[in-house]
2 protein chains.
Amino acid sequence: MSTDLPGSPTLEDVARVAGVSRATVSRVINGIRNVAPEIQEAVNRAVATVGYVPNRAARSLVTRRAGAVALVVSGAGDERPSEARVFADPFFGRVAGGILGFLRPRAVHPVLMLAETPEARDEVIAFIRQGSADGALVVSAHGEDPLPGLLAAAGVPAVLWGRPARPVPISYVDLDQRLGAALAAGRLVERGRRRVATISGPPGLPASQDRLSGFREAMARSGHPYVPDAEGDFSVTGGESAMRRLIADHPGLDGVFAANDLMAEGALRALRDRGLRVPEDVAVVGFDDAPAAAQCLPPLTTVRQPMEEMAAEMARLLLAHVDDPGLEATSRVFRPTLVVRGSA
Amino acid sequence: MSTDLPGSPTLEDVARVAGVSRATVSRVINGIRNVAPEIQEAVNRAVATVGYVPNRAARSLVTRRAGAVALVVSGAGDERPSEARVFADPFFGRVAGGILGFLRPRAVHPVLMLAETPEARDEVIAFIRQGSADGALVVSAHGEDPLPGLLAAAGVPAVLWGRPARPVPISYVDLDQRLGAALAAGRLVERGRRRVATISGPPGLPASQDRLSGFREAMARSGHPYVPDAEGDFSVTGGESAMRRLIADHPGLDGVFAANDLMAEGALRALRDRGLRVPEDVAVVGFDDAPAAAQCLPPLTTVRQPMEEMAAEMARLLLAHVDDPGLEATSRVFRPTLVVRGSA
DNA sequence: GTGAAAGCGCTAACAG
DNA sequence: CTGTTAGCGCTTTCAC
């Protein structure tokens, strides 16, 4: 007999109740046409009465689709401590939000993974090779992250957030960082600032490098060949101490470009502590347009990075690669915009 | 023939190469004894040469284990916007970190889910019923979150972060909030503070309520029956404005207990802006011992909540429920400790 | 100690 | 338009 123990109802059960075959039930469940309306009706009723819900493993086994993707946070330091730091960054939150927004309507679920150690990296690729996920979405905290290379070598579908430091045949989504930096420079120059400095991000990240060099080049084009910089780490406290160093080393400062909003927030704080007014004494421009940017005092003028859209695009690209394994690696570069608020 | 297309190698392939049967390979893979050492050797070699990696769907189909759990962020508002906010809170990062730390060595993966709408909630329980995950770990932002009730009704293994507002037969992990609040009160009293106020969290959360009433009761026991409060929302800016209100309404204030560190940080900022010194003029005690607490100026005296351990315990409890469906719902309440730094 | 065989629940040809 | 028939890759009795 097939009326077993509690085990949740299967297609077979639904079929029996509806008085049709498993195949027909399957067709109805998967929304395939060519099924008489009356039968569809009967099947749906049967599904409801037995409380049927399709078994994902069985389905995956035959469709060869997991309906899941790995959301990998990579190279953010190592071991436990890092975990908290990465997730705590509002940046990750926005990216995750954008990805979920795209994946959800498509019934694809993100599996959170950390890839800080060689073993963890192997685990990520094994995870995909064993069919637990159809591909990987990776957010690296380091330009030298070896994961993209491993993914490419394994021939696993993957999309990166940001261009990797060294070329890898993998799709990625990025922002035109240099343009963003130029926007910031333009604003500062437009506001008549002559002694401008910058607080840069972690030098290992291509995004940091591009923002720094892009800013310097734009300033140079405007006749300001010398732009000192203090290195930060993309955190509020990092920005705060960088700003302090800048104030100490360059007393006459009247403009600052911080490579992200968190550091800009720290800079604002340091400036306030020193009794310097923003934007009167020192104008400040941030980068990202993080949620907190509008809450700063004064509200932060910043370069907006459409993170949610970029994140959604990552997801879209990944699913495209999953659907068509032959697809060439591509890159999508978004344009930043300047959001003018009170700080500059 | 079985030498098909590229399709990744299966047990069959390994068996052929090793010259044994599928069953034997399976035993070796799953570390079951009763296999001659020499054969184990041969199998392992074969696994390596063909690059075998077990197919998770096939395995799940028979073992009835997904090897995954849903990590649900629930009731944090609704729709897209919320997503970013929740993840951005350092609180979520630490919890996620603690969970991952426990799950990883056990080869269980967390699938990120949001449950803000009724449909999203149904999706969560369907997700588990279809075998995509073995259970749910849920972090609610609202005491009235309906998800725990649905989970319990569906008989799905689940563990909550924090006691639900209304009793639900579900396991949860919590902190002794009242003891934590008493610790804060004790410190303030010990430092001779006589005009003490508190910045409370979202009133809908049991944790907020317990910290508030626990603090008031402890203060009352020390002879301070009146403790005004200003409501915050667990964010820095919320704490900042609450502090401003408190200063305005209660000029003589000399001590403040903020229901979390983010708000304490905001309070510090508001106090500094008003030219009040901490701890000389006003002593401040926070709650959580967030990573940023030590970075504040002055470093924050706070009530430490062992979030990572609590999170790990959630995961442990969930796996226990998965292994033994008959297990009764239990609760594990952790004890907070006081971390004395500069602010009080 | 090892192999043969029976499914787990589902989808996808292929007939009819 | 619907049913029959094969498996997907793996674990797991049950014999040997």
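Keep in mind it's a predicted model, so treat the numbers as computed, not measured.
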Sorted by chain and number, sequence neighbours left out, side chain to side chain contact (heavy atoms under 4.5 Å, CB included) with B:Val108 holds for B:Val69, B:Leu103, B:Arg106, B:Leu319
Give the rounded distance in Å between these two atoms: CZ of A:Arg16 and C1' of D:dT2. 19 Å
Among residues two or more places apart or on two chains, list those pairs meeting side chain to side chain donor-acceptor pair (under 3.5 Å) that have a residue in residues 144-160 of chain B. B:Ser74-B:Asp145, B:Ser140-B:Asp145, B:Glu144-B:Arg166
Please list all pairs meeting salt bridge (charged side-chain N to carboxylate O under 4.0 Å, His left out) that have one or both residues in residues 38-59 of chain A, counting only residues at least two apart or in different chains. A:Glu41-A:Arg45
Across all chains, not counting sequence neighbours, the salt bridge (Lys or Arg N to Asp or Glu O under 4.0 Å) partners of A:Arg129 are none
Enumerate the residue pairs fulfilling ring-ring contact (aromatic ring centres under 6.0 Å, His included) with a member in residues 153-174 of chain A, sequence neighbours excluded, ordered by first and then second residue. A:Phe91-A:Trp161
Under a 4.0 Å heavy-atom cut-off, which of residues 34-56 of chain A touch DNA chain D? A:Asn34, A:Val35, A:Ala36, A:Ile39
Quick one: salt bridge (Lys or Arg N to Asp or Glu O under 4.0 Å) partners of A:Glu123, sequence neighbours excluded? none
Which residues share a salt bridge (Lys or Arg N to Asp or Glu O under 4.0 Å) with A:Arg316, sequence neighbours left out: A:Glu313
Test salt bridge (Lys or Arg N to Asp or Glu O under 4.0 Å) applied to A:Asp323 - qualifying residues, sequence neighbours left out: A:Arg65
Separation of atom CG in B:Leu61 from atom C1' in C:dC8, rounded to whole Å: 4 Å
Partners of B:Thr24 by side chain to side chain contact (heavy atoms under 4.5 Å, CB included), sequence neighbours excluded? B:Val20, B:Ser21, B:Arg27, B:Val35, B:Ile39
In short, the helix from C:dG1-D:dC16 to C:dG16-D:dC1 is bent end to end, axes from five pairs each side, to 10°, by 40°
If you check the A:Ala58 side chain, which of C:dT11, C:dG3, C:dG9 turns out closest? C:dG9
Scan nucleotides 13-16 of chain C against the protein and return all N/O pairs shorter than 3.5 Å with their distances rounded to 0.1 Å.
none

